[in-house]
Amino acid sequence: NAGVMQNPRHLVRRRGQEARLRCSPMKGHSHVYWYRQLPEEGLKFMVYLQKENIIDESGMPKERFSAEFPKEGPSILRIQQVVRGDSAAYFCASSPTVLNTEAFFGQGTRLTVV
Amino acid sequence: GQQLNQSPQSMFIQEGEDVSMNCTSSSIFNTWLWYKQDPGEGPVLLIALYKAGELTSNGRLTAQFGITRKDSFLNISASIPSDVGIYFCAGRKDNAGNMLTFGGGTRLMVKP
C-alpha cells in the first residue's frame, strides 16, 4: 500500500509563473489536507478537501491560491503568479473516510520562486 | 490565530541522555499529536493522545496530554544518534477532521 505521493518533489518557478502541486492520497483515503511550511517553522494548515468538495479553506490565502480534489485523479494545489514569499515546502496529508483517524503525510513539494 | 508554543527551540545533547520538550496553548485541544520530521521529508506520527491526563509510551518515547488540555510534553529516554531531527507537537479540535495546529518545532541534535 503506497503512502501519500506528492509530485514533483522539487519545483522551481520564476516570479509570475504558475505552480501546480499534486497529491495522490493513500488508497482508500478520501480526505486530503494541504499544509505549508516556511523555513524553520511548523506546518500551517491551508485547506481540507474531500472528493469534489472543499470542506475548509480557512488557511488558504484569498488570492492566487486554489485547490481541488476531483472525482478521478490527484488533488491539485495551484498557485498563480507566484511570488518569492510563496517559496516553501507544501505537504499533503490524507486520512480515511472515518473522521478523527490520524492522517499520513507525503514527502512534500519544495517550491522555490526565483 | 491559534498558536502552539513549543520549547525548547533546539537542543544539543550527548548520546544516552534523556530529552524533554513541551508544548503549550492558549486554547483547548481534544487531541495532541507528536511528529518527527527528518530533513527533506514529511512529518511522521510518533504518538497520539486522546484523553486529558493520558500518558502514552512508544518505545523510548513517552508523551502526556495535560489535564487542562492546553499542554503536552514528550520525553525521549536514552537518546541515540538517529533521534536527530525536528519534533513537532500538533493539536486538533473536536470535529476538525485532521486540520491540525502545529508548534514551531524542537530541533534535536545528538552528539555520539
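Chain letters run A, B, ... following the sequence lines, proteins first, then strands; residues in each count from 1.
In terms of hydrophobic clustering, with Ile, Leu, Val, Met, Phe, Trp and Tyr side chains grouped at heavy-atom distances under 4.5 Å, A:Ile54 and A:Trp34 are assigned to a common cluster. Under the 4.5 Å side-chain heavy-atom criterion for ILVMFWY residues, no single connected hydrophobic cluster contains both A:Ile76 and A:Leu11. The hydrophobic cluster containing B:Val84 also contains B:Leu46, counting ILVMFWY residues as joined when their side-chain heavy atoms lie under 4.5 angstrom apart, directly or transitively. B:Ile13 is connected to B:Ile76 through a chain of hydrophobic side-chain contacts under 4.5 Å among Ile, Leu, Val, Met, Phe, Trp and Tyr, so both are in one cluster. Under the 4.5 Å side-chain heavy-atom criterion for grouping Ile, Leu, Val, Met, Phe, Trp and Tyr, B:Met21 is connected to B:Leu61 within one hydrophobic cluster.
The environment of CD in A:Glu63 is sparse: at most 12 heavy-atom neighbours from other residues, nucleotides or ligands sit within 6.0 Å. More than 12 heavy atoms of other residues, nucleotides or ligands sit less than 6.0 Å from atom CE of B:Met11. More than 12 heavy atoms of other shown residues, nucleotides or ligands fall within 6.0 angstrom of atom CZ in A:Arg64. For B:Gln9, the CD atom is loosely surrounded, since the number of other residues' heavy atoms within 6.0 Å does not exceed 12. Heavy-atom neighbours of A:Gln17 CD from other residues, nucleotides or ligands within 6.0 Å: above the threshold of 12. More than 12 heavy atoms of other residues, nucleotides or ligands sit less than 6.0 Å from atom NZ of A:Lys51.
The part of B:Leu33 that comes within reach of chain A is its side chain, from C-beta onward, which places non-hydrogen atoms under 4.5 angstrom from that chain. At a 4.5 Å heavy-atom cutoff, B:Gln6 makes no contact with chain A through either its backbone or its side chain. Residue contact with chain B, scored on non-hydrogen atoms closer than 4.5 Å, involves the backbone and the side chain of A:Ala103 alike. Looking at A:Phe104, neither its backbone nor its side chain comes within 4.5 Å of chain B, counting heavy atoms on both sides.
Chosen from A:Val4, A:Asp56, A:Val47, the residue pairing most often with chain B at heavy-atom distances under 4.5 Å is A:Asp56. For chain B, the option among A:Glu41, A:Gln37, A:Lys44 with the highest count of heavy-atom pairs below 4.5 Å is A:Gln37.
Here the straight-line distance linking atom CE of B:Met99 with atom CD1 of A:Ile55 works out to 9.0 Å at 0.5 Å rounding. From B:Tyr35, atom OH reaches atom CD of A:Glu102 across 6.0 Å, with rounding to the nearest 0.5 Å.
Residues of residues 105-114 of chain A that come within less than 4.5 angstrom of chain B, heavy atom to heavy atom, are A:Phe105, A:Gly106, A:Gln107, A:Arg110 in numerical order.
The two residues A:Gly42 and B:Phe88 make their nearest non-hydrogen contact at CA-CE2, 3.4 Å.
Using modelled atom types, one side-chain atom of A:Arg9 and one backbone atom of B:Gly40 make a donor-acceptor pair closer than 3.5 Å.
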